[in-house]
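Have a look at the structure below before the remarks.
Because only heavy atoms are used, hydrogens play no part in the values below, and waters and symmetry mates are left out as well, while side chains stay in.
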Amino acid sequence: MPSKSRLSRTRNIGIAAHIDAGKTTVTERILFYTGKSYKMGEVHDGEAVMDWMPQEQERGITITSAVTTCTWENHEIHIIDTPGHVDFTIEVERSLRVLDGAVVVFCAVGGVEPQSETVWHQADKYGVPKVAFINKMDRVGADHAGTIRQMKERFNSLPLPIQIPFGEGEAFRGVVDLIRRQVITWDDATKGVSYGYADIPDEIRTQALEHRDRMIALLADLDDGIAEKYLEGTEIPEQEIIEAIRKATISLQIVPVMCGSALRNKGVQPLLDAVVHYLPSPEEIPPVTGLNPLTKQEEVRASSDKEPLAALAFKIMQDEGRKLTYLRIYSGRLHAGDELYNASRGKREKIARLLKMHANKRERVEQAGAGDIIAVMGLKEITTGDTICDEAHPILLEPIDFYEPVISQAIEAKTPADQEKLAVALNKLMEEDPTLRVKYDDETAQTVLSGMGELHLEIITDRLQREFNARVNVGKPRVVHRETIQKRVECEGLFERELGEKKHFGHVKLILEPTDRGGGVEIVRRLEEGAVIPEELLVAMEEGVREGVLSGVLAGYPVIDIRIVLLGGNQREGETTPLGCKIASSSAFREGCQKADPVLLGPVMLVDIITPSEFMGEVIGDIHARRGEIQGIAPKGAVSDIRAKVPLKAMFGYSTDLRSATQGRAVFTMQFFAYDKAG
């Protein structure tokens with residue numbers, strides 16, 4: 001069965017970590033050692049293969065997840081290099097959703113950093129088995145044991161060191177393989193291409209054997225075969241240890257931990273061995289489940305070419321103006337020219353081309369099967385999270401969760417020609433990035449972009465100018481206010497005019513009263529004693545008031561939190577008309593608002609901040625400085641959850657300020673709460 005062997009020799013993995021832990025450098029070394037690249041790209045030189053966007057090369061960070069394929073030990077490995085910056089969390093989320101395994105890179109100096117925690121929890125959410133790699137062992141202050149201790153404290157998974165460093169910091173020379181009981185060293189002259197195994201030197205032999213014994217004891221708790229041999233004191237074959245680690249890793253009981261220095265070309269080949277040995281093939285992950293859109297029954301698709309087609313679109317990119325869709329094929333096969341069914345939209349689509357991606361370079365292929373991650377051209381209606389399937393056997397896979405944007409920025413085109421380009425460009429960028437929202441605000445005549453953070457919006461505006469040649473002016477978004485009144489008043493309006501040879505008369509009496517915040521607009525009929533007013537005139541009076549509410553007397557913003565009581569008014573036989581009553585009630589409302597002590601209201605946000613407890617004082621002090629009100633503080637282990645109400649006006653620039661106050665370790669979300677007095 002050739003298809004089985006192909007699948008069992010496939011690995012779909014992601015490389016994820018906190019910003020600056022070195023994950024792009026790890027990926028670059030993997031490509032070099034597997035023969036995919038002939039030159040090592042360095043992030044600090046702006047030459048990394050996987051960081052191909054100009055914005056990535058300039059900033060030395062990963063912004064978009066890049067996909068590539070390489071081979072190692074006769075296994076095909078599909079790799080997604082994901083961003084580490086919190087503003088691009090969606091890239092990690094959607095990559096982990098379609099991957100079978102993850103390599104999480106930690107910095108030996110920084111230890112477990114906030115974004116690596118986020119990534120770890122995202123992987124747990126999707127049940128993705130992990131291998132950990134402690135990088136930068138050659139740096140001063142590298143602490144292998146400390147990083148493992150932090151992993152034990154902060155994660156539910158059990159870290160299992162299968163290597164220990166041979167020397168730390170500047171003395172780092174190689175790694176000790178605890179399974180083989182040998183030390184591995186790399187040859188600097190060949191850039192680490194040649195490496196060798198040797199007996200463990202006496203200076204670390206005792207320490208290495210203690211670590212090995214601990215590793216076996218931990219495996220004995222999880223595997224009966226190993227427990228038996230361990231208790232009897234008999235030798236356990238190397239292959240049996242590897243099998244036990246593989247089983248425990250795939251069932252999410254343990255995470256094998258390795259170490260090295262990618263920049264110094266040490267530790268990468270054993271990491272590739274670990275990907276092949278311990279991470280699952282598409283056959284070993286649970287079958288995907290989805291709903292049949294017709295019967296609404298749950299259906300299952302096993303990872304096999306023989307099952308009906310089921311694939312998830314997890315990423316969309318613009319490629320020289322054309323739409324490129326990344327698919328993870330869970331079951332079935334795809335051929336160039338196939339007609340497919342988009343179950344999420346209920347539409348048929350046709351594949352023009354199938355492409356195997358290597359960052360932004362590509363290779364055309366004629367077909368792809370279960371377990372593949374492939375790029376497709378020709379799909380027009382598709383969006384991120386859609387399911388592509390066989391129309392005869394429809395299935396809807398679980399879509400991808402998206403995050404709500406937390407920050408907005410106003411932009412405007414510099415010229416009418418730019419305006420046309422801007423509209424097209426924003427539509428394309430929104431297709432690519434589900435966390436980007438665009439809204440045209442009639443009240444401020446601005447186009448407002450909303451995203452995950454200031455860096456996110458900075459990259460978007462940069463791309464508008466570079467890729468789409470749409471020149472824009474960028475400003476701070478203007479906060480949209482509301483108006484209300486602060487005291488009760490009685491008022492009346494009179495309208496008397498001849499329009500088109502017909503006399504129109506209207507007289508209206510109103511009471512305006514402020515209500516509680518969030519009270520909205522309430523219109524009540526409470527007619528004076530003895531007043532008999534026809535229904536059509538009452539309706540006209542209400543219409544006049546509703547029009548008045550749309551534009552307040554202070555700055556033309558809508559009026560809210562007000563109760564308007566209709567008392568009626570005088571009538572003249574043959575002259576009182578609905579139009580007269582409508583205009584009279586509108587002018588009565590405006591006059592009343594001016595007398596009722598009008599005030600501007602600004603939006604107040606409910607802000608939720610999760611911060612390490614040691615920074616709690618600074619975070620609370622900063623909230624008070626922004627005229628915020630603390631609603632509650634809940635300790636959660638090493639972190640605290642702070643809830644507060646803060647005026648939106650004071651929240652601009654907050655993500656940057658919060659990061660600098662907490663060494664980048666706090667995160668926040670905010671949502672609209674209510675309108676209140678603008679300070």
Side-chain angles (χ1 to χ4, degrees), residues 442-443 479-604 606 629 645 647 672-679:
D442 293 325
E443 293 186 17
V479 174
V480 178
H481 290 83
R482 294 287 181 265
E483 296 182 21
T484 192
I485 58 169
Q486 298 185 87
K487 64 181 189 188
R488 180 182 186 276
V489 293
E490 286 196 28
C491 50
E492 54 186 293
L494 181 69
F495 180 80
E496 196 173 358
R497 195 174 294 171
E498 208 169 285
L499 298 171
E501 297 179 6
K502 185 173 191 297
K503 261 195 168 181
H504 289 271
F505 175 80
H507 177 253
V508 177
K509 286 185 187 172
L510 304 173
I511 295 174
L512 307 185
E513 299 172 339
T515 60
D516 293 337
R517 291 287 163 264
V521 176
E522 208 182 317
I523 299 174
V524 183
R525 294 180 185 180
R526 201 185 297 153
L527 300 183
E528 292 172 315
E529 238 175 89
V532 179
I533 299 172
E535 179 66 22
E536 62 167 347
L537 296 184
L538 286 172
V539 169
M541 290 175 189
E542 285 181 1
E543 268 178 32
V545 168
R546 285 189 204 285
E547 275 183 20
V549 163
L550 296 176
S551 175
V553 294
L554 286 176
Y557 289 113
V559 181
I560 59 168
D561 301 345
I562 187 170
R563 183 181 297 114
I564 301 140
V565 182
L566 280 180
L567 299 173
N570 301 329
Q571 294 174 68
R572 285 187 192 164
E573 191 64 45
E575 288 185 14
T576 301
T577 61
L579 179 64
C581 288
K582 182 177 171 180
I583 296 171
S585 82
S586 193
S587 66
F589 176 77
R590 285 191 73 76
E591 195 183 303
C593 280
Q594 271 157 345
K595 291 194 292 189
D597 204 359
V599 66
L600 270 184
L601 300 177
V604 174
L606 200 54
E629 259 177 62
K645 287 183 199 163
F672 174 76
F673 174 68
Y675 279 96
D676 214 334
K677 270 192 211 175

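- Environment of CZ in Arg525: crowded, with over 12 heavy atoms of neighbouring residues, nucleotides or ligands closer than 6.0 Å.
- To the nearest 0.5 angstrom, Leu512 atom CG is 10.0 Å from Glu490 atom CD.
- Looking only at side-chain heavy atoms (C-beta outward), Val559 and Val521 stay at 4.5 Å or farther from each other.
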Go through it in stages, so that I can follow the logic: the residues are Thr577 and Lys502, the test is side chain to side chain contact (heavy atoms under 4.5 Å, CB included), and I'd like the CA-CA distance, side-chain angles, deciding distance and then a yes or no.
CA-CA 10 Å; Thr577 61; Lys502 185 173 191 297; 3.3 Å; yes
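- With rounding to the nearest 0.5 angstrom, the OH atom of Tyr675 is 7.0 Å from the CD1 atom of Ile560.
- Inter-residue side-chain proximity for Arg572 and Glu496 is flagged as met; some heavy-atom pair is nearer than 4.5 Å.
- Leu566 is not listed as a side-chain neighbour of Ile533, based on a closest heavy-atom distance of 4.5 Å or more.
- Taken from CD in Glu543 to CG in Leu538, the straight-line distance is 12.0 Å, to the nearest 0.5 Å.
- Shown here for Gly493 and Ser587, the closest heavy-atom pair between the two residues is CA-OG, 4.1 Å.
- Within the structure, salt bridge (charged side-chain N to carboxylate O under 4.0 Å, His left out) pairs that include any residue of residues 553-563 comprise Glu513-Arg563, Arg517-Asp561, Glu522-Arg563 (at least two apart or interchain).
- Of all the heavy atoms in Gly544 and Ser585, the pair that sits closest is CA-OG, 3.3 Å.
- Among all heavy-atom pairs drawn from Pro598 and Gln486, the shortest one is O-NE2, 4.3 Å.
- Under the 4.5 Å side-chain criterion, counting only non-hydrogen atoms from C-beta, Lys582 is not in contact with His504.
- Atom NZ of Lys503 has 12 or fewer heavy atoms from other residues, nucleotides or ligands within 6.0 Å.
- Lys677 approaches Leu601 most closely through the heavy-atom pair N-CD2, 3.4 Å.
- Note that CG of Leu510 is 7.0 Å distant from CG of Leu567, once rounded to the nearest 0.5 Å.
- Summarising the geometry of Val508 relative to Ala584, their closest heavy-atom pair is CG2-CB, 3.9 Å, with the distance given to 0.1 Å.
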Is there a side chain to side chain contact (heavy atoms under 4.5 Å, CB included) between Val549 and Ile564? Walk through the geometry before answering.
CA-CA 10 Å; Val549 163; Ile564 301 140; 3.9 Å; yes
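- Atom-to-atom distance recorded for Ile583:CD1 and Leu494:CG is 11.5 Å, nearest 0.5 angstrom.
- Rounded to the nearest 0.5 angstrom, Ile523 CD1 and Phe589 CZ are separated by 8.5 Å.
- Using a 4.5 Å heavy-atom threshold, the side chains of Met541 and Cys581 count as touching.
- No side-chain heavy atom of Glu483 sits less than 4.5 Å from a side-chain heavy atom of Cys593.
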Decide side chain to side chain contact (heavy atoms under 4.5 Å, CB included) for Gln571 and Leu537; before the verdict, give the C-alpha distance in whole Å, the side-chain angles of both, and the deciding distance to 0.1 Å.
CA-CA 10 Å; Gln571 294 174 68; Leu537 296 184; 3.7 Å; yes
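- No side-chain heavy atom of Ile562 sits less than 4.5 Å from a side-chain heavy atom of Pro514.
- Side-chain contact between Glu492 and His507 is present, with at least one heavy-atom pair separated by less than 4.5 Å.
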